[in-house]
**Student:** 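What follows is a single structure, and I will ask about it in a moment.
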Amino acid sequence: MAQTKKRSWLLNLLIVVTLIGVGFAFTAHYKNWTKIKEDSFRIFSGIYWLEIPFSEIDSIQMVDKIPSMERIHGFSVNEVEKGVFLSDSLGTNRVHVFVDKLSHSKIRVVYKDSLKVFMNFTDSTATKSLHDYLWTKINTEKE
């Protein structure tokens, strides 16, 4: 009888730990998170993150669509697209994608002459605000 209770307790603990891990993974990938520093900004979503210094940004623009790309690793669920991709139309470099809503406009950032990032948020006004901030920041850096 004691052996059954011990197994039951361990099984319950394993279930709880698994549910906490799944909850954490869902929360981490649920949306894009940004952190703006004095000289750079960071975007991250779960295990995918990227930090880009403002001085290395070459161009920034709003686009309606992302080009068709081959996923190296990442995931796509409904209108969410996240991960690292390769694109023939953009060259052989890796493209980082942090898209919360495919139907909304996306920010296309080119940095270090050829590396690209596509990103947006579920809230299109937050996407536009980040675009405007980054555009202003890189244009004042270049002056």
Side-chain angles (χ1 to χ4, degrees), residues 4-143:
T4 305
K5 286 184 179 183
K6 186 175 182 180
R7 269 193 230 150
S8 174
W9 183 81
L10 288 173
L11 184 60
N12 288 341
L13 180 64
L14 180 64
I15 290 170
V16 169
V17 168
T18 302
L19 289 175
I20 289 171
V22 168
F24 176 72
F26 176 76
T27 303
H29 286 289
Y30 176 67
K31 70 175 201 164
N32 292 329
W33 306 86
T34 57
K35 182 176 183 181
I36 297 177
K37 298 180 181 178
E38 187 176 317
D39 60 341
S40 66
F41 82 99
R42 178 183 290 181
I43 183 162
F44 51 98
S45 180
I47 62 171
Y48 302 103
W49 66 275
L50 192 61
E51 186 163 350
I52 304 173
F54 295 124
S55 61
E56 294 180 3
I57 296 176
D58 299 315
S59 68
I60 183 167
Q61 68 183 61
M62 294 290 285
V63 296
D64 289 328
K65 291 177 157 181
I66 57 175
S68 76
M69 297 180 279
E70 178 184 345
R71 182 174 45 236
I72 297 173
H73 54 83
F75 64 94
S76 302
V77 178
N78 293 331
E79 289 201 64
V80 176
E81 190 95 35
K82 300 192 182 185
V84 180
F85 295 73
L86 285 178
S87 175
D88 291 333
S89 64
L90 295 176
T92 58
N93 288 331
R94 292 177 180 221
V95 178
H96 295 268
V97 177
F98 298 93
V99 174
D100 281 342
K101 192 96 168 158
L102 281 171
S103 60
H104 291 171
S105 294
K106 292 139 227 32
I107 302 171
R108 178 180 181 255
V109 177
V110 179
Y111 65 103
K112 293 185 180 177
D113 292 330
S114 60
L115 299 176
K116 293 163 184 70
V117 178
F118 290 94
M119 63 183 143
N120 77 356
F121 303 103
T122 306
D123 181 8
S124 59
T125 56
T127 304
K128 179 71 173 137
S129 295
L130 180 62
H131 171 268
D132 294 344
Y133 176 81
L134 293 175
W135 191 85
T136 303
K137 190 74 172 171
I138 66 165
N139 284 326
T140 56
E141 291 275 325
K142 291 179 181 178
E143 292 176 357

**Student:** Side-chain contact test, heavy atoms from C-beta onward, threshold under 4.5 Å: evaluate it for Met119 versus Leu130 and give yes or no.
**Tutor:**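 Contact flag for Met119/Leu130 side chains = yes.
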
**Student:** Closest approach of Pro67 and Phe118, non-hydrogen atoms and distance?
**Tutor:**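 Nearest pair, atom of Pro67 first, then Phe118: CD-CZ, 3.7 Å.
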
**Student:** Nearest 0.5 angstrom please: Ser129 OG to Leu134 CG, how far?
**Tutor:**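 Those atoms lie 10.5 Å apart.
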
**Student:** List for me each residue that meets side-chain contact (heavy atoms from CB on, under 4.5 Å) alongside Ser124, sequence neighbours excluded, and say none if there are none.
**Tutor:**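 Per chain and number, Ser124 pairs via side-chain contact (heavy atoms from CB on, under 4.5 Å) with His104.
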
**Student:** Could you tell me which residues satisfy side-chain hydrogen bond (donor to acceptor under 3.5 Å, both in side chains) with Glu56, sequence neighbours excluded, listed by chain and number?
**Tutor:**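 Glu56 satisfies side-chain hydrogen bond (donor to acceptor under 3.5 Å, both in side chains) with no other residue.
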
**Student:** Nearest 0.5 Å, please: how far is CD1 in Ile107 from CE in Met62?
**Tutor:** 5.5 Å

**Student:** Are side-chain heavy atoms of Ile66 and Phe85 found at a separation under 4.5 Å?
**Tutor:** no

**Student:** Measure the shortest side-chain to side-chain distance between Ile43 and His96 over non-hydrogen atoms and say whether it is less than 4.5 angstrom.
**Tutor:** no

**Student:** Less than 4.5 Å apart, any side-chain heavy atom of Phe41 and any of Ile57?
**Tutor:**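 The answer is yes; the side chains approach within 4.5 Å.
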
**Student:** Mind checking whether Phe75 and Tyr48 have parallel, tilted or perpendicular rings, split at 30° and 60°?
**Tutor:**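 Tilted, since the angle between the ring planes falls between 30° and 60°.
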
**Student:** Can you tell me how far OG1 of Thr127 sits from CZ of Phe121, rounded to the nearest 0.5 angstrom?
**Tutor:** 6.0 Å

**Student:** Which heavy-atom pair separates Asn120 from Lys106 by the least distance, and what is that distance?
**Tutor:** ND2-CG, 3.7 Å

**Student:** Could you report the tightest heavy-atom contact between Pro53 and Ser40, atom names first, then the distance?
**Tutor:** CA-CB, 3.5 Å

**Student:** Just verifying a value: how many Å separate Thr18 OG1 and Leu14 CG, rounded to the nearest 0.5 Å?
**Tutor:** 4.5 Å

**Student:** Do you know the tightest heavy-atom contact between Asp64 and Ser105?
**Tutor:** OD1-OG, 3.2 Å

**Student:** I want to check something: taking the side chain as every heavy atom from C-beta on, are Asn12 and Val16 in contact at a cut-off of under 4.5 Å?
**Tutor:**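 Result no, sub-4.5 Å side-chain heavy-atom pair not found.
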
**Student:** How long is the gap from OH on Tyr111 to CD1 on Ile52, to the nearest 0.5 Å?
**Tutor:** 5.0 Å

**Student:** Got a sec, which residues hit side-chain hydrogen bond (donor to acceptor under 3.5 Å, both in side chains) with Ser76, two or more places apart in sequence or on another chain?
**Tutor:** Arg71, Glu81

**Student:** Minimum heavy-atom separation for Lys112 to Asp58, with atom names?
**Tutor:**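 Nearest heavy atoms, Lys112 then Asp58: N-OD2, 3.4 Å.
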
**Student:** So that I can tick it off, tell me whether Lys82 and Asp100 are bridged by a salt bridge, with the cut-off set at under 4.0 angstrom between side-chain N and carboxylate O.
**Tutor:** yes

**Student:** Is there side-chain contact between Arg108 and Val117, with at least one heavy-atom pair below 4.5 Å?
**Tutor:** no

**Student:** Closest heavy-atom contact between Phe44 and Phe98?
**Tutor:**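 Of all heavy-atom pairs spanning Phe44 and Phe98, the closest is CA-CE2, 4.3 Å.
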
**Student:** Would you check, one step at a time, whether the test side-chain contact (heavy atoms from CB on, under 4.5 Å) holds for Ile15 with Leu19?
**Tutor:** CA-CA 6 Å; Ile15 290 170; Leu19 289 175; 4.0 Å; yes

**Student:** Mind checking what makes side-chain contact (heavy atoms from CB on, under 4.5 Å) contact with Asp123, not counting sequence neighbours?
**Tutor:**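 Thr125, Ala126.
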
**Student:** From the options Ile138, Val109, Val110, select the one residue that forms a side chain to side chain contact (heavy atoms under 4.5 Å, CB included) with Ser59.
**Tutor:**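 Considering Ile138, Val109, Val110, a side chain to side chain contact (heavy atoms under 4.5 Å, CB included) with Ser59 is found only for Val110.
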
**Student:** State the CH2-CD1 distance between Trp135 and Ile60, to the nearest 0.5 angstrom.
**Tutor:** 10.0 Å

**Student:** The criterion is side-chain hydrogen bond (donor to acceptor under 3.5 Å, both in side chains); which residues satisfy it with Lys35, sequence neighbours excluded?
**Tutor:** none

**Student:** Checking Asn78 now: which residues fulfil side-chain hydrogen bond (donor to acceptor under 3.5 Å, both in side chains) with it, not counting sequence neighbours?
**Tutor:**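 None.
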
**Student:** Does the side chain of Thr34 reach to within under 4.5 Å of the side chain of Tyr133, using non-hydrogen atoms?
**Tutor:** no

